[in-house]
Amino acid sequence: MKKIAIAAAVAVSALAFAAQASAAVSNFELLQAARCRGLAGSETLGKLDTTKVDAMLKTESSARELAVRNSLVNKMSSALKEANAADGAKKEKLLAERSSAACAAWLN
């Protein structure tokens, strides 16, 4: 009986830890970080170091549903494609977005 109680306590604490870890960053924030990651990876805009955001995306996305993980990949790819095709005013707009406070939180 004691072994069952210990196993249950361990299972409950593991579930609580997993719930806490996934609640650290919302799905919306993850999508925002993925867009920033796509912009930061663009050669056209000037590639930035993405080590921090890559690690966070990997850690946080592992506990998410498949639909969220797919959306993250799509958001990142779309932003990278948009940035690599940008020129003139569009390039300036994307550079401003990448250097905004919203992206700076993920990229610095």
Side-chain angles (χ1 to χ4, degrees):
M1 188 66 165
K2 186 176 180 179
K3 288 182 183 179
I4 294 173
I6 292 172
V10 170
V12 167
S13 66
L15 287 174
F17 178 76
Q20 253 185 344
S22 66
V25 179
S26 70
N27 289 344
F28 177 78
E29 291 169 323
L30 274 180
L31 289 169
Q32 184 181 41
R35 176 159 175 84
C36 294
R37 168 52 178 96
L39 297 176
S42 169
E43 294 288 339
T44 302
L45 300 182
K47 195 168 186 173
L48 300 177
D49 180 20
T50 60
T51 306
K52 179 183 170 187
V53 72
D54 287 341
M56 185 279 299
L57 287 169
K58 181 177 180 180
T59 301
E60 289 293 330
S61 67
S62 65
R64 308 297 165 135
E65 295 177 3
L66 180 60
V68 174
R69 292 194 311 261
N70 287 339
S71 292
L72 292 173
V73 171
N74 292 339
K75 182 70 93 169
M76 192 180 328
S77 298
S78 175
L80 180 61
K81 184 177 179 180
E82 180 182 2
N84 283 336
D87 61 353
K90 181 66 174 181
K91 182 177 178 180
E92 293 302 318
K93 180 182 174 195
L94 293 175
L95 283 168
E97 179 183 349
R98 187 177 75 177
S99 57
S100 71
C103 280
W106 305 115
L107 299 175
N108 294 332

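Given the structure is predicted, the values throughout are model-derived calculations rather than measurements. When reading the values below, keep in mind they use all heavy atoms of this one structure, side chains included, and skip hydrogens, waters and symmetry mates.
- Of all heavy-atom pairs between Leu57 and Ala33, the closest is CD2-CB, 4.1 Å.
- Distance alone, capped at 3.5 Å, is enough to place a donor-acceptor pair between the Ser26 side chain and the Glu29 backbone.
- Between atom CH2 of residue Trp106 and atom CG of residue Leu30 there is a gap of 6.5 Å, rounded to the nearest 0.5 Å.
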Subject >> Val25/Arg64 under side chain to side chain contact (heavy atoms under 4.5 Å, CB included): CA gap, chis, key distance, verdict >> reply: CA-CA 11 Å; Val25 179; Arg64 308 297 165 135; 4.2 Å; yes
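- A salt bridge between Glu82 and Arg35 is present, with a side-chain N of the basic residue lying under 4.0 Å from a carboxylate O of the acidic one.
- Grouping the Ile, Leu, Val, Met, Phe, Trp and Tyr side chains by contacts below 4.5 angstrom, directly or via other members, places Leu80 apart from Leu31.
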Subject >> Ser78/Asn74 under side chain to side chain donor-acceptor pair (under 3.5 Å): CA gap, chis, key distance, verdict >> reply: CA-CA 6 Å; Ser78 175; Asn74 292 339; over 6 Å; no
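- Arg37 contributes no side-chain N or O that, together with a main-chain N or O of Asp54, makes up a donor-acceptor pair within less than 3.5 Å.
- Here the straight-line distance linking atom CD of Glu92 with atom CG of Asp87 works out to 10.5 Å at 0.5 Å rounding.
- Between Lys91 atom NZ and Asn84 atom CG the span is 10.5 Å, to the nearest 0.5 Å.
- Listed for the Ser42 side chain is no donor-acceptor partner under 3.5 Å among the backbone atoms of Leu39.
- In the hydrophobic cluster analysis, where Ile, Leu, Val, Met, Phe, Trp and Tyr join through side-chain heavy atoms closer than 4.5 angstrom, Leu48 is grouped apart from Leu95.
- Counting non-hydrogen atoms of other residues, nucleotides and ligands closer than 6.0 Å to NZ of Lys81 gives a total of 12 or fewer.
- Residue Ser62 holds its OG atom at 8.0 Å from CZ of Arg69, rounded to the nearest 0.5 Å.
- The two residues Ala86 and Leu94 come nearest to each other via the heavy atoms CB-CD1, 3.8 Å.
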**OP:** Please report the C-alpha distance between Lys75 and Leu72 in whole Å, then the side-chain angles of each, then the deciding distance to 0.1 Å, and finally whether the side chain to side chain contact (heavy atoms under 4.5 Å, CB included) criterion is met.
**Re:** CA-CA 5 Å; Lys75 182 70 93 169; Leu72 292 173; 5.8 Å; no
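- At distances below 3.5 Å, at least one donor-acceptor pair connects side-chain atoms of Arg98 with backbone N or O atoms of Leu45.
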